[in-house]
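A short worksheet on the structure shown next.
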2 protein chains.
Amino acid sequence: MPKKRVDDLQSVSAETALEAEKILGNRLAKLGLKQTDQRRKILQVFLQTRDHLSIDELHQQVKKLDPKIGFTTVYRTLKLFSQCGIASEVELHDGISRYEPQLNRRSHHHLVCTECGESVEFFSPEIEAVEQRIGKQFRYSTTRHSFQIFGLCTNCSKKRTSAPQVRR
Amino acid sequence: MPKKRVDDLQSVSAETALEAEKILGNRLAKLGLKQTDQRRKILQVFLQTRDHLSIDELHQQVKKLDPKIGFTTVYRTLKLFSQCGIASEVELHDGISRYEPQLNRRSHHHLVCTECGESVEFFSPEIEAVEQRIGKQFRYSTTRHSFQIFGLCTNCSKKRTSAPQVRR
DNA sequence: ATTGCTGCAAACGATTTGCATGAGG
DNA sequence: CCTCATGCAAATCGTTTGCAGCAAT
């Protein structure tokens, strides 16, 4: 039997998906909520996404799997996933709610290009420390933080210097 | 003649206001835009605010000075101020655009209570360093960052432990 | 059976826009 | 004068809600 390859994304995804479904089931049960077909399918699609999808984009994907599933359900479900710790909202300040999978995910932050919208993730352990320190200092019981850096990616910087400036 | 007191908020405000008006004039001229009566008045009111006012709240204040000034104008003007570096948007994730004066303001961040909305400002020099470092690392030319910590303030924490949990 | 879930359409609230009028350079 | 700014109302857009029928526990 071949040894499991950790870089085999397919199998890792499948495994995570099963695990997530179980976790979802548990948390739903605890809240007296129900594990429905729609929720399972949305979860499945959601976990395959690496990007920070908007509800609308996610709904598009979900419809490919099951065209019956409505927009509102996706909305409500992603909010639910957030509460269950399966999703977390990504705040790119573009006026749209975006989510990313949260389960088994190392804490990270986003560097966002304000021109083309491209974003990359980065890690910065000191941020966690700041949350702890400031929380203590002001006697807040902190639950989360939001940190993102904005700027121009290499490509857009180039365009700026050569072409006349574009106003948004 | 009495020595100028740096803790005299009134005089400091007046000074900043004049300075800001000049700066605004310069930047507007540079863009071929006009310095109007409305913009001057909105600026004046805006600089007196220490809180993170919503456009609506700001409009209320502005109307006291000049009831003719419309909501839309305040909206457009605050956006303009942001571009001119006079205001900066405060992101408290409550679905409302909030602004605070930016001029001569030490870089700071916000600790926000998710229950009552109260927020306090804090300073954290290491955040600036992170912006620099990550920018270099990914070859982004960074322009700003957004960092806020969320949690429960002391009061709301107490209420939570005594009263049954409230859902939002 | 009971209670929660879904999907549609309609409601909502913050923000933006079109346009005729007014003011600044 | 020409261009930009204003103020109003209407449009837009993301999100939320009411409700009748459906499905999970």
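Please read these numbers as outputs of a predicted model, since none were measured by experiment. Every chain is numbered from 1 and lettered A, B, ... according to where its sequence line falls, protein lines coming before strand lines.
The distance between atom CZ of B:F71 and atom P of D:dA5, rounded to the nearest whole Å, is 19 Å. B:D66 has its CG atom 16 Å from the P atom of C:dG22, to the nearest Å. A straight line from CG of A:L33 to C1' of C:dT3 spans 11 Å, rounded to a whole angstrom. When rounded to the nearest whole Å, the span between CZ of A:R39 and C1' of C:dG7 equals 14 Å. The nearest whole Å value for the distance from the CG atom in B:L78 to the P atom in C:dA14 is 16 Å. Rounded to whole Å, atom P of C:dG25 lies 13 Å from atom CG of B:N26. Spacing between atom CD of A:Q35 and atom C1' of D:dA24 amounts to 10 Å, rounded to whole angstrom units. The interatomic distance linking A:L53 (CG) with D:dG14 (C1') rounds to 16 Å, in whole Å.
For the atom pair OG (B:S97) and CD (B:E89), the distance works out to 4.0 Å, reported to the nearest 0.5 Å. Interatomic distance, NE2 of B:H108 versus CD1 of B:I127, reported as 13.0 Å (0.5 Å rounding). Rounded to the nearest 0.5 angstrom, B:T49 OG1 and B:Y99 OH are separated by 13.0 Å.
Two rings, from A:H145 and A:H109, have their centers less than 6.0 Å apart.
Nearest to the side chain of B:K34, among D:dT3, D:dG14, C:dC5, sits D:dT3. When each of D:dC8, D:dG14, C:dT6 is scored by its nearest atom to the side-chain atoms of A:Q38, the top-ranked nucleotide is C:dT6. For A:T36, whose side chain is taken as the heavy atoms from C-beta onward, the closest listed nucleotide among C:dT17, C:dT6, D:dC4 is C:dT6. The side chain of B:K68 lies closest to D:dG7 when the candidates are C:dC8, D:dA5, D:dG7.
If B:R40 and B:I96 are placed on DNA chain C by their nearest nucleotide, the residue sitting closer to the 5' end is B:I96. For the pair B:K79 and B:D37, nearest-nucleotide mapping onto DNA chain C gives the more 5' position to B:K79.
For the pairing with A:K41, the side chain to side chain donor-acceptor pair (under 3.5 Å) check across A:T36, A:D66, A:T77 returns one residue only, A:D66.
Contact annotation for A:S54: no contact, since no heavy-atom pair falls under 4.0 Å across all strands.
An OP1 or OP2 oxygen of C:dG7 is reached within less than 4.0 angstrom by a side-chain nitrogen or oxygen of A:T73.
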